[in-house]
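Before any comments, here is the structure.
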Amino acid sequence: MPHQAPSTAPRAGAARNPGDRPAIRLTGLQKHFAEVRAVDGVDLDIPPGEFFSMLGPSGSGKTTVLRLIAGFELPTAGSIQLAGRDVSTLAPFDRDVNTVFQDYALFPHMSVQQNVEYGLRVKGVGKAERRQRAEDALRTVRLEEYGRRKPSQLSGGQRQRVALARALVNRPKVLLLDEPLGALDLKLRQAMQVELKQIQREVGITFVFVTHDQDEALTMSDRIAVFNAGRIEQVGTPLEVYEKPATAFVAGFVGTSNLLSGRGAEAVIGRPGVFSIRPEKITIDGNLASPAGPGETSATGIVTDVVYAGSTVRYAVALDAGGQLSVVRQNISAPTEFADGRVRLSWRREHSFRVPEAG
Ligand code: ADP
Ligand code: MG
């Protein structure tokens, strides 16, 4: 059963005064393309100024939700409110939102400054104001020195920031970002994650950020919605979604899937069901006889695989009771120490928790 975080579930009593109005409210939102249910009943409130991420695998409906909010698609059913106003059937330019796409779509023949000014020019904003606002937007994205360059004279990260400036210059209430960092290499991507979050804090605009990368969502977001097959499985803070996944799908998608079920669960946990334990919560020990501490759960098994990842080492352990667990350990000693050996795993009882079965 899909779980809704307490902050979004109870609609009654919400928004009594205008200041409480969510920046975005989706109610029973559906979008079908012929027989494909791209969006299959989404209810969601996003408060003003939040950095909100939509996380999910490819094809789970994230982009379609974003396009519905922007007005590039019309819903099959349900409604979209922006700051309390129903915009479900309004044209994109009648909605106070802007979108930043992964392919920046900058005009190659225009300078950076002209690219940023372009939207204002189309709207008929005068030259002096246009220039001032474009300069402000370029300063916000730390590109004030680059206004005269052409997009081809910029790095990928800088082009991405120009695309952001081009959206910010319109001073929208809501900014929609569809995998905006997807084209960048890892180092640049991580730097931009930090920077984008800082910029969002500075400008105070509501950001709706789409990504399929769980680390990115966990790093950047105030709250995350985890999408699966056109529906939201869980909404919560990064901590809630990671530490207390509401479904087996969320447990597997946000973080490493480390589930115990069936015979293994009964023997180790002591009751039937599907249980999730995060790999970094598990201690691995070569001494099988160490006593279990109070409040601890333990299981013995054999190491079947050791993956060396520099700062960490990951062990796959086949449990004697059945099932397999993955253990992540900080690389503080010889990384091959448990290779092919028998080990004892232990973790605090509250770190294994039951997740509802899929279906
Ligand atoms: P995501 O952004 O999470 O990868 P999308 O929202 O792009 O997912 O797609 C959700 C589903 O809707 C996919 O099965 C996709 O193929 C389908 N879809 C999206 N846009 C269209 C369209 N214009 N016509 C037909 N099917 C579409
Ligand atoms: Mg997409």
Side-chain angles (χ1 to χ4, degrees), residues 23 46-56 62-63 66 97-106 112 115-116 134-147 149 151 153-227 235-243 253-256 278 280 309-312 328 330:
I46 302 176
E50 190 163 69
F51 196 120
F52 189 88
S53 292
M54 297 185 180
L55 172 68
K62 309 177 299 293
T63 293
L66 223 57
V97 301
N98 269 90
T99 309
V100 178
F101 298 100
Q102 181 180 340
D103 51 23
Y104 324 123
L106 301 178
V112 164
N115 263 285
V116 176
E135 282 172 4
D136 288 348
L138 283 171
R139 194 170 316 112
T140 301
V141 300
R142 288 89 156 133
L143 282 181
E144 60 268 47
E145 309 290 329
Y146 292 79
R149 293 216 194 167
Q153 297 169 309
L154 300 177
S155 71
Q158 289 167 337
R159 280 202 283 272
Q160 178 51 251
R161 281 189 273 166
V162 176
L164 186 60
R166 208 174 40 173
L168 292 174
V169 80
N170 297 308
R171 297 175 184 158
K173 292 228 172 54
V174 170
L175 196 60
L176 308 174
L177 304 104
D178 195 355
E179 312 233 6
L181 309 181
L184 306 178
D185 64 62
L186 182 65
K187 273 266 188 276
L188 191 51
R189 197 181 166 120
Q190 288 170 338
M192 278 298 293
Q193 287 170 2
V194 173
E195 205 153 320
L196 198 56
K197 173 108 186 184
Q198 275 170 2
I199 290 170
Q200 191 267 343
R201 286 283 175 266
E202 281 169 33
V203 296
I205 294 173
T206 309
F207 273 35
V208 184
F209 185 91
V210 162
T211 181
H212 62 270
D213 180 331
Q214 48 129 337
D215 288 330
E216 194 161 280
L218 291 172
T219 308
M220 300 178 76
S221 320
D222 294 317
R223 285 191 310 150
I224 300 170
V226 183
F227 276 72
V235 180
T237 63
L239 199 136
E240 287 165 351
V241 165
Y242 186 79
E243 302 283 340
F253 194 76
V254 185
T256 300
R278 294 302 188 189
E280 70 281 6
S311 65
T312 58
V328 170
Q330 203 184 329

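Sequence positions, counted from 1, serve as the residue numbers for this chain. These values consider heavy atoms only, across backbone and side chains, with no hydrogens, waters or symmetry-generated copies.
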The side-chain contact (heavy atoms from CB on, under 4.5 Å) partners of Glu135 (sequence neighbours excluded) come to Gln113, Arg131, Gln132, Arg139
Partners meeting side chain to side chain donor-acceptor pair (under 3.5 Å) with Lys197 (sequence neighbours left out): none
Residue pairs involving residues 184-195 (criterion salt bridge (Lys or Arg N to Asp or Glu O under 4.0 Å); sequence neighbours excluded): Arg161-Glu195, Arg189-Asp213, Arg189-Glu216
The side chain to side chain donor-acceptor pair (under 3.5 Å) partners of Arg171 (sequence neighbours excluded) come to none
Taking salt bridge (charged side-chain N to carboxylate O under 4.0 Å, His left out) as the definition, give me every residue that meets it alongside Glu202, ordered by chain and number, with sequence neighbours left out. Arg142
For Glu179, give me all partners under salt bridge (charged side-chain N to carboxylate O under 4.0 Å, His left out), at least two apart in sequence or on another chain. none
Identify the heavy atoms of Val208 and Met54 that sit nearest to each other, and give their distance. CG1-CE, 3.7 Å
I need the minimum non-hydrogen distance between His212 and Phe253, along with the two atoms involved. O-CZ, 3.7 Å
Taking all heavy atoms of Gly147 and all of Leu138, pick out the closest pair and write down the distance. CA-CD1, 4.2 Å
Interatomic distance, CG@Leu66 vs OG1@Thr99, rounded to 0.5 Å, equals 6.0 Å
N/O donor-acceptor pair under 3.5 Å between Lys62 side chain and Gly56 backbone: yes
Closest non-hydrogen atoms of Leu184 and Met192, given as atom of the first, atom of the second and distance, are CD1-CG, 3.8 Å
Just so I know, are the side chains of Phe227 and Val210 near enough to count as touching, which here means a heavy-atom distance under 4.5 Å? no
For Pro151, check side-chain contact (heavy atoms from CB on, under 4.5 Å) against everything at least two apart and list the hits. Leu106, Asn115, Arg159
Of all the heavy-atom pairs spanning Ala23 and Val174, show the shortest one and how long it is. CB-CG2, 4.3 Å
Can you tell me how far CG of Leu177 sits from CE of Met220, rounded to the nearest 0.5 angstrom? 8.0 Å
With sequence neighbours excluded, what pairs up with Glu280 under the side chain to side chain donor-acceptor pair (under 3.5 Å) test? Tyr242
Can you sort out the partners of Thr237 under side-chain contact (heavy atoms from CB on, under 4.5 Å), two or more places apart, ordered by chain and number? Arg223, Leu239, Glu240
Give me each pair satisfying ring-ring contact (aromatic ring centres under 6.0 Å, His included) with a member in residues 172-207, each pair once, sequence neighbours excluded. Phe51-Phe207
Out of curiosity, Gln160 CD to Leu154 CG, how far, rounded to the nearest 0.5 Å? 12.0 Å
Which value, rounded to the nearest 0.5 Å, describes the distance between Leu181 atom CG and Leu186 atom CG? 11.0 Å
What I'd like to find out is whether the side chain of Val169 reaches to under 4.5 Å of the side chain of Asn98, using heavy atoms alone. no
Separation of Asp178 CG from Phe209 CZ (nearest 0.5 Å): 9.5 Å
Apply side-chain contact (heavy atoms from CB on, under 4.5 Å) to residues Val141 and Val162 and explain how you reach the verdict. CA-CA 8 Å; Val141 300; Val162 176; over 6 Å; no
Taken to the nearest 0.5 Å, the spacing of Asp215 CG from Gln190 CD works out to 8.5 Å
Output all residues satisfying side-chain contact (heavy atoms from CB on, under 4.5 Å) with Ala191, sequence neighbours left out; order by chain, then residue number. none
Identify the heavy atoms of Gln214 and Val254 that sit nearest to each other, and give their distance. OE1-C, 3.9 Å
Partners passing side chain to side chain donor-acceptor pair (under 3.5 Å) against Ser155 (at least two apart in sequence or in another chain): Gln158
Could you please spell out the steps behind the side-chain contact (heavy atoms from CB on, under 4.5 Å) verdict for Leu55 and Leu218? CA-CA 10 Å; Leu55 172 68; Leu218 291 172; over 6 Å; no
